[in-house]
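The structure appears right after this line, and notes come after that.
Quick note on labels: first sequence line is chain A, next is B, and so on, each numbered from 1.
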There are 2 protein chains.
Amino acid sequence: MRLTTKGRYAVTAMLDLAIHAQSGPVSLNDISGRQGISLSYLEQLFAKLRRGGLVASVRGPGGGYRLSRDSSEINVAEVVDAVNESMDATRCHRRGDCQDGEECLTHHLWLELSDQIHAFLHGITLAQLIQRKEIRSTADRQDSIARNRIDAVLSTDDVTG
Amino acid sequence: MRLTTKGRYAVTAMLDLAIHAQSGPVSLNDISGRQGISLSYLEQLFAKLRRGGLVASVRGPGGGYRLSRDSSEINVAEVVDAVNESMDATRCHRRGDCQDGEECLTHHLWLELSDQIHAFLHGITLAQLIQRKEIRSTADRQDSIARNRIDAVLSTDDVTG
DNA sequence: GTATATCCGACTATTTCAGTCAACTTTAGA
DNA sequence: TCTAAAGTTGACTGAAATAGTCGGATATAC
């Protein structure tokens with residue numbers, strides 16, 4: 001079982017997508033800027049999210065990604081799953097053949113832990129998350145920082161180099 | 001966050017220790033035979049469990065390890081912790097400085113997940129586990145296999161090589 | 001003093017993570 | 001039609017962790 005940056009980034013990016021859904025497709029560049037995730041890495045993650053049927057892409061200028069379902073129909077467990085981070089705590093992938101074809105001493109324990117985690121993540125949808133006030137305020141902060149960055153670029157003479 | 005063989009082995013070994021506690025110190029060789037864990041690897045794990053204050057060692061022939069507390073006073077979370085497998089799901093180790101010193105969009109989500117997992121593992125003691133019938137029957141099976149193995153060795157002419 | 005045990009440090013093959021880089025295709029708009 | 005913005009794909013990489021192995025040292029019951 002593991003939950004690393006990969007799975008966390010995937011959920012963060014999907015949440016960003018859900019939050020900014022009303023203004024058309026969202027480019028990975030925008031997500032990268034707001035969430036501080038490298039563009040190249042986002043490309044990898046979204047390839048998996050697309051294969052997993054969670055997002056749809058729009059190519060060309062003005063393009064980006066959209067959720068392929070309503071945010072109320074996508075739960076966190078699916079997102080983590082799509083990027084191949086298994087929340088399964090057993091060694092045998094629930095088969096019960098962990099030790100010489102039989103259950104190991106702790107098989108049931110890890111099975112129960114897996115069920116706990118899955119129930120928790122499966123019960124939370126993107127729609128529910130974007131209702132939360134701490135997430136709304138974090139998103140607002142990120143949006144204003146992004147706007148400031150754009151303003152700064154526009155108002156500055158381009159004297160790079 | 002990760003739960004791998006290391007943490008699972010640690011809990012399995014501690015459970016084996018708890019089950020066979022009444023017959024004096026348990027050698028790593030016995031645990032290795034019953035649980036199918038390499039002796040050298042067990043040595044590594046028990047070094048950490050000892051440093052973590054969970055077991056005490058008895059050196060010399062007839063020696064081995066004992067639980068340093070009653071099995072009802074040791075919970076699964078402690079064991080996993082002792083071998084350095086963090087069940088913390090946040091990136092920032094709960095500090096809330098995940099993105100440029102501020103909370104990332106998903107900070108609270110992972111905080112809640114961490115709390116769920118910790119509550120679950122903290123609530124289960126070794127004493128509770130060894131009461132469970134599926135664990136008792138697995139342990140019985142392992143014991144009888146171990147006895148058969150000893151019998152086989154004793155009754156066979158040593159014609160190795 | 002020898003066999004049985006823990007102790008300890010160094011070593012290693014493999015895998016994954018987290019990310020970079022380069023090249024390619026699609027497409028909106030000037 | 002040209003160009004720039006976007007997604008698409010595959011190869012690559014440094015660092016870290018996993019899951020061990022190996023050799024030897026130390027302690028101790030008999």
**OP:** Please check the phosphate of D/dT21 (OP1 and OP2 only) for any side-chain N or O of B/Ser38 closer than 4.0 Å.
**Re:** yes
**OP:** Look at the side-chain N and O atoms of A/Arg51 and state whether any lies under 4.0 Å from the OP1 or OP2 oxygen of D/dT8.
**Re:** no
Subject >> OP1 or OP2 of C/dG19 under 4.0 Å from side-chain N/O of A/Tyr9 >> reply: yes
Subject >> Nearest-angstrom distance from the residue atom CG of B/Leu39 to P of D/dG20 >> reply: 13 Å
**OP:** Please report the closest heavy-atom contact between B/Gln99 and A/Gly36, naming both atoms and the distance.
**Re:** NE2-N, 3.8 Å
Original post:
Of all the choices, C/dG19, C/dA28, C/dT4, which nucleotide is nearest to the side chain of A/Pro61 once you look at every atom?
Top reply: C/dA28
**OP:** Select base, sugar-phosphate, or nothing to describe what B/Phe46 touches, counting heavy atoms under 4.0 Å on all strands.
**Re:** nothing
**OP:** Measure from CG on B/Leu45 to C1' on D/dG20 and round the result to the nearest Å.
**Re:** 10 Å
**OP:** Determine: side-chain N/O of B/Tyr41 to OP1/OP2 of D/dC22, distance under 4.0 Å, yes or no.
**Re:** no
Subject >> OP1 or OP2 of D/dA19 under 4.0 Å from side-chain N/O of B/Thr5 >> reply: yes
Original post:
Below 3.5 Å, does any donor atom in the side chain of A/Gln44 face an acceptor in the base of D/dT9, or the other way round?
Top reply: no
Original post:
Would you say C/dA5 has OP1 or OP2 under 4.0 Å from some side-chain N or O of B/Ser57?
Top reply: no
**OP:** Report the distance from atom NZ of B/Lys48 to atom P of D/dA17, rounded to the nearest whole Å.
**Re:** 10 Å
**OP:** Could you pick out which residue, B/Gly62 or A/Gly60, lies toward the 5' side of DNA chain C when each is mapped onto its nearest nucleotide?
**Re:** B/Gly62
Original post:
Should A/Ile145 and A/Ile37 be regarded as members of a common hydrophobic cluster, given that ILVMFWY residues are connected when their side-chain heavy atoms come within less than 4.5 Å of each other, either directly or indirectly?
Top reply: no
Original post:
Between atom CG in B/Leu28 and atom C1' in C/dC8, what is the gap in whole Å?
Top reply: 14 Å
Original post:
B/Tyr65 has an atom OH; how far is it from atom P of C/dT6, in whole Å?
Top reply: 6 Å
Original post:
Would you find more than 12 non-hydrogen atoms of other residues, nucleotides or ligands less than 6.0 Å from B/Arg94 atom CZ?
Top reply: yes
Original post:
When the nearest nucleotide of DNA chain C is assigned to A/Gly7 and to B/Val58 on a heavy-atom basis, which residue is associated with the more 5' position?
Top reply: B/Val58
**OP:** Take A/Glu78 and A/Arg69, measure what side chain to side chain contact (heavy atoms under 4.5 Å, CB included) needs, and give me the verdict at the end.
**Re:** CA-CA 12 Å; A/Glu78 290 177 282; A/Arg69 278 175 266 154; 3.1 Å; yes
**OP:** On DNA chain D, check which nucleotide each of A/Ser40 and A/Arg2 is closest to and give me the residue with the more 5' one.
**Re:** A/Ser40
Original post:
From the list C/dC7, D/dG20, D/dG7, which nucleotide is the closest neighbour of the side chain of A/Arg91?
Top reply: D/dG20
Original post:
If you check every side-chain atom of A/Ser27, which of D/dA6, D/dG20, C/dG19 has the closest atom?
Top reply: D/dA6
Original post:
Does the D/dT8 base have a donor-acceptor partner in the side chain of A/Arg59 within less than 3.5 Å?
Top reply: no
Original post:
Parallel, tilted or perpendicular: which fits the ring planes of B/Phe46 and B/Tyr65, with parallel below 30° and perpendicular above 60°?
Top reply: tilted
